[in-house]
Engineer: 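There's a structure below that I have some questions on.
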Amino acid sequence: MHITIYVCTEEGWNAAPRRSNACVHIYSYAQVVRNGFHSFWIKNSNNNSFKSATVSDKLQRALLNPVELPEGFYRLG
């Protein structure tokens, strides 16, 4: 099990469709997230435009689900 993070510039985030410049995969110990993470891999995506229906759906659901950030954390954009 791992976490995938798409890295975007402000220009990429505001584009239609949105696009990222890189993708970071963060890998957990023994494939269990609660065990913590041991490594990562950065992949240059050459302007991935989130063509995957799964990624697009999860991104849209995340944007519709506002989260209150703890003190000291700041929302971008």
Engineer: As a quick check of understanding, evaluate side chain to side chain contact (heavy atoms under 4.5 Å, CB included) for Ile26 and His2, giving each step before the final call.
Structural biologist: CA-CA 5 Å; Ile26 305 171; His2 74 280; 5.8 Å; no
Engineer: Under a single-linkage rule joining Ile, Leu, Val, Met, Phe, Trp and Tyr whose side-chain heavy atoms are separated by less than 4.5 Å, which residues share a cluster with Tyr27?
Structural biologist: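 Trp41, which link up through side-chain heavy atoms under 4.5 Å apart, make up the rest of the cluster.
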Engineer: Can you see which heavy atom on Ala30 is nearest to which on Asn35, and at what distance?
Structural biologist: CB-ND2, 3.9 Å
Engineer: In chain order, what residues pass the ring pair (Phe, Tyr, Trp, His ring centres under 6.0 Å) check against Phe37, with sequence neighbours excluded?
Structural biologist: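 Phe37: no ring pair (Phe, Tyr, Trp, His ring centres under 6.0 Å) contacts found.
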Engineer: CG of Leu59 to CG of Leu64: how many Å apart, nearest 0.5 Å?
Structural biologist: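 One gets 9.5 Å once the value is rounded to the nearest 0.5 Å.
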Engineer: Under the rule for ring pair (Phe, Tyr, Trp, His ring centres under 6.0 Å), what residues qualify as partners of Tyr29, not counting sequence neighbours?
Structural biologist: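 Ring pair (Phe, Tyr, Trp, His ring centres under 6.0 Å) list for Tyr29, sorted by chain: His38.
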Engineer: Backbone N or O of Trp13 within a donor-acceptor pair of the Arg18 side chain at under 3.5 Å?
Structural biologist: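 Flag set: sc Arg18 to bb Trp13 pair under 3.5 Å.
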Engineer: Val24 vs Ile42, test: side chain to side chain contact (heavy atoms under 4.5 Å, CB included). Steps then yes/no.
Structural biologist: CA-CA 4 Å; Val24 181; Ile42 299 174; 4.0 Å; yes
Engineer: Are Tyr6 and Leu63 connected in the hydrophobic side-chain network, where two residues link if heavy atoms are under 4.5 Å apart?
Structural biologist: yes
